[in-house]
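Read through the structure below, which is laid out as structure tokens, and then see the notes.
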Amino acid sequence: MKSEPGTYAINDHERDGSTCWEGVRNYQARNLMRTMAVGDLALFYHSNAKPPGVAGVARVVREAYPDPWQWERDSKYYDPRSSRESPRWVMVDIEFVETFPRFVSLDEIRATPGLSEMVLVKRSRLSVQPVTREAFRTIVKMGGGRVRG
DNA sequence: GCCAACGTTGGC
DNA sequence: GCCAACGTTGGC
């Protein structure tokens with residue numbers, strides 16, 4: 001799951017403990033969030049950062065439910081075509097799990113043969129992406145993380 | 001700030 | 001249902 005650290009960094013997430021992942025306005029990303037279950041782990045990725053990369057791990061604590069900002073006229077996430085009866089956009093809640101002792105940069109990920117098939121490498125723009133268990137474990141190991149995926 | 005690689009919109 | 005025009009993302 002990607003976030004721009006200037007907007008919401010993993011430090012902010014650690015401070016908050018848990019947060020709702022609002023503002024996803026892409027159908028593929030939305031569909032992926034719908035498949036998430038409570039307890040699922042996620043890589044917390046810093047996009048638009050210097051350098052970009054994986055900062056740590058979060059865990060899903062609430063499965064997909066309507067993102068209320070889609071109905072807020074003043075929100076940048078407002079979608080006038082979404083109704084209360086059939087909400088178009090969802091969000092999940094995630095909780096902080098850990099910040100890696102070592103940040104895993106996109107460069108390192110690209111340079112790791114076993115990770116060359118990651119969506120992050122092949123279709124980098126998607127803001128919520130699937131990660132295989134194998135790739136997840138590899139990145140946790142690279143980051144010196146403690147969580148077991 | 002640039003721009004490639006998308007994703008979305010809307011006219012037809 | 002096609003596709004041109006436009007908007008956005010995100011690495012660089």
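Just so it is clear: chains get the letters A, B, ... in the order the sequence lines come, proteins before strands, and each one is counted from 1.
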Neighbour count above 12 (heavy atom, 6.0 Å) for A/R88 CZ: yes
Starting at [atom1] of [X] and ending at [atom2] of [N], how long is that distance when rounded to a whole Å?
{"X": "A/R30", "N": "B/dT8", "atom1": "CZ", "atom2": "C1'", "value": "14 Å"}
{"X": "A/Y27", "N": "C/dT8", "atom1": "OH", "atom2": "C1'", "value": "15 Å"}
{"X": "A/L32", "N": "B/dG7", "atom1": "CG", "atom2": "P", "value": "12 Å"}
{"X": "A/L120", "N": "C/dT9", "atom1": "CG", "atom2": "P", "value": "16 Å"}
{"X": "A/K2", "N": "C/dT8", "atom1": "NZ", "atom2": "P", "value": "16 Å"}

Hydrophobic cluster identity match, A/V60 and A/F44, side-chain contacts under 4.5 Å: yes
Output field: ring centroids A/Y27/A/W89 closer than 6.0 Å: yes
Over all atoms of both residues, closest heavy-atom pair of A/V90 and A/R30: CG2-CG, 3.7 Å
Exercise: do A/Q28 and A/R123 side chains pair donor with acceptor under 3.5 Å: yes
Donor on one side chain, acceptor on other, A/Q70 and A/S82, under 3.5 Å: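 There is such a pair between these side chains.
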Hey, what are the protein-to-nucleotides 10-12 of chain B N/O distances that come in under 3.5 Å?
none

Pairwise side-chain contact, A/M1 with A/S127, heavy-atom cut-off 4.5 Å (strictly under): no
Residue pair A/Y8 / A/T19, side-chain heavy-atom distance below 4.5 Å: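 Contact flag for A/Y8/A/T19 side chains = yes.
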Can you name the atoms? Protein N/O to nucleotides 4-6 of chain B N/O, anything below 3.5 Å, with the distance.
{"unit_1": "B/dA5", "atom_1": "N3", "unit_2": "A/R125", "atom_2": "NH1", "d": "2.8"}
{"unit_1": "B/dC6", "atom_1": "N1", "unit_2": "A/R125", "atom_2": "NH1", "d": "3.4"}
{"unit_1": "B/dC6", "atom_1": "O2", "unit_2": "A/R125", "atom_2": "NH1", "d": "2.2"}
{"unit_1": "B/dC6", "atom_1": "O2", "unit_2": "A/R125", "atom_2": "NH2", "d": "3.4"}

Residue closer to the 5' end of DNA chain B, A/N48 versus A/R25 (nearest nucleotide):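 Looking at the nearest nucleotide for each, A/N48 comes out on the 5' side.
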